[in-house]
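Throughout, a chain's letter reflects where its sequence line sits, starting with A, and its residues are numbered from 1.
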Number of protein chains: 2
Amino acid sequence: MFEHQQNIWLESLQKQGYRITNPLKIIVEIMASSDVILNPTQVFLLAKEKNSNIGLVTIYRSMEKLEQAGLIGRVHMPDGCQSFFHASNGHQHLIICEQCGKAEYFEGDDLNPLFNRTGEQFGYQITDHWLQLFGFCQKCKEINLNRK
Amino acid sequence: MFEHQQNIWLESLQKQGYRITNPLKIIVEIMASSDVILNPTQVFLLAKEKNSNIGLVTIYRSMEKLEQAGLIGRVHMPDGCQSFFHASNGHQHLIICEQCGKAEYFEGDDLNPLFNRTGEQFGYQITDHWLQLFGFCQKCKEINLNRK
DNA sequence: TTGATTGCAAATATTTTGCAGGCAT
DNA sequence: ATGCCTGCAAAATATTTGCAATCAA
């Protein structure tokens, strides 16, 4: 299942002219199967477990490729914006656990009427929008309860 | 008018125990009257015009104070999240020009039902949300038309 | 074979910290 | 007078670039 997803990513990268190297495969494997947002250093540490020789620079360069290819996207949080998550199908919105970074996409109502109305009201031509929810996921809620 | 706003900020800072120094006054003057988002370096350059002796480090430290005091907030953009803008009254949302950084707050519909519904659906306890619109402001639309 | 990709080292860019002197209170 | 705040220099972080060797195509 995850393997399937990885292959889709690798094919996509190959079609776009990138070479499928071992380090890239490892990074794809990590990013395509992660249900939490990850920053370059976190990806680096996970990747080292699979190939102790991999360099942090390769992570940066590969993340850039995956982003260019539309496979991952940068996730902004109140305390930083260097984490990445696999991209969504279509334009969906993110709900993110502020404790563990677990993220999921959700479909919102159609907010375009609000966005267009607001754009007109202020004289802006709207090109994009962000909607994100922050909170505690099921697991982290339980963890926090047990701590008390 | 802007002076009034500045004084409110300075009083608030004083009440919170901060000392009202000349560099802080200059930074408050800039942040309280700016209608565009500004990063520390931009604030530094603007502040230097008023006090050529001011240091970039002071900008960083003062921005932290203003943020702590709830007077400014960090603004996240697709290409960076180191800019600041004066805080809103209540929980409003931002519409930002991606070209010049001009920003304004707007009141949305009440999106809480959507947020709560989504939180329940995924098992998250929602603590916060972000809604931001990006686009081109009136002036930048005109600038771009004239360029063609 | 060829040139894109890698890992290392070094360079940049950004932000934070240590400290002596100055200034608000 | 006290100790918070400032500016400088230096340190710590985060990210990017140069380069020779390697490897996918």
Phosphate-side-chain proximity, B/Y60 and C/dT15, N/O vs OP1/OP2 below 4.0 Å: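 Affirmative; the distance criterion is met.
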Contact under 4.0 Å: A/K65 side-chain N or O vs C/dT6 OP1/OP2: yes
Candidates [options] - which lies nearest the side chain of [X]:
X: B/R19; options: D/dT2, C/dG7, C/dT16; value: D/dT2
X: B/N53; options: D/dG7, D/dA14, C/dG7; value: D/dG7
X: B/P23; options: D/dA25, C/dT15, D/dT6; value: D/dT6
X: A/L24; options: D/dA25, C/dT6, C/dT25; value: C/dT6
X: B/R61; options: D/dT15, C/dT25, D/dG7; value: D/dG7
X: A/V57; options: C/dT14, D/dA9, D/dT16; value: D/dT16
X: B/Q14; options: D/dC8, C/dT6, C/dT25; value: C/dT25
X: A/T21; options: D/dC5, C/dT6, C/dT2; value: C/dT6

Ring center gap for A/H76 and B/W130 short of 6.0 angstrom: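 Not close enough - the centres of the two rings lie 6.0 Å or further apart.
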Cys pair A/C81, B/C81: SG separation below 2.5 Å: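 Yes, because the SG atoms of A/C81 and B/C81 sit under 2.5 Å apart, which meets the disulfide cut-off.
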Heavy atoms from other residues, nucleotides or ligands near NZ of B/K141 exceed 12 (cutoff 6.0 Å): yes
Could you state the atom-to-atom distance from [atom1] of [X] to [atom2] of [N] in whole Å?
X: A/F44; N: C/dC8; atom1: CZ; atom2: C1'; answer: 12 Å
X: A/I54; N: C/dT5; atom1: CD1; atom2: C1'; answer: 12 Å
X: A/L10; N: C/dT5; atom1: CG; atom2: P; answer: 14 Å
X: B/N51; N: D/dC8; atom1: CG; atom2: C1'; answer: 15 Å
X: A/Q42; N: D/dT15; atom1: CD; atom2: P; answer: 12 Å
X: A/E64; N: D/dT15; atom1: CD; atom2: P; answer: 12 Å
X: B/Q68; N: D/dC4; atom1: CD; atom2: P; answer: 16 Å
X: A/L56; N: C/dA9; atom1: CG; atom2: P; answer: 14 Å

Euclidean distance, B/L66 CG relative to B/H86 NE2, rounded to 0.5 Å: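 Reported value, rounded in 0.5 Å steps: 13.0 Å.
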Comparing B/Q82 and B/I20 on DNA chain C - which has the more 5′ nearest nucleotide: B/Q82
Verdict with supporting geometry, A/E64 and A/Q68, side-chain hydrogen bond (donor to acceptor under 3.5 Å, both in side chains): CA-CA 6 Å; A/E64 203 180 314; A/Q68 286 288 322; 5.2 Å; no
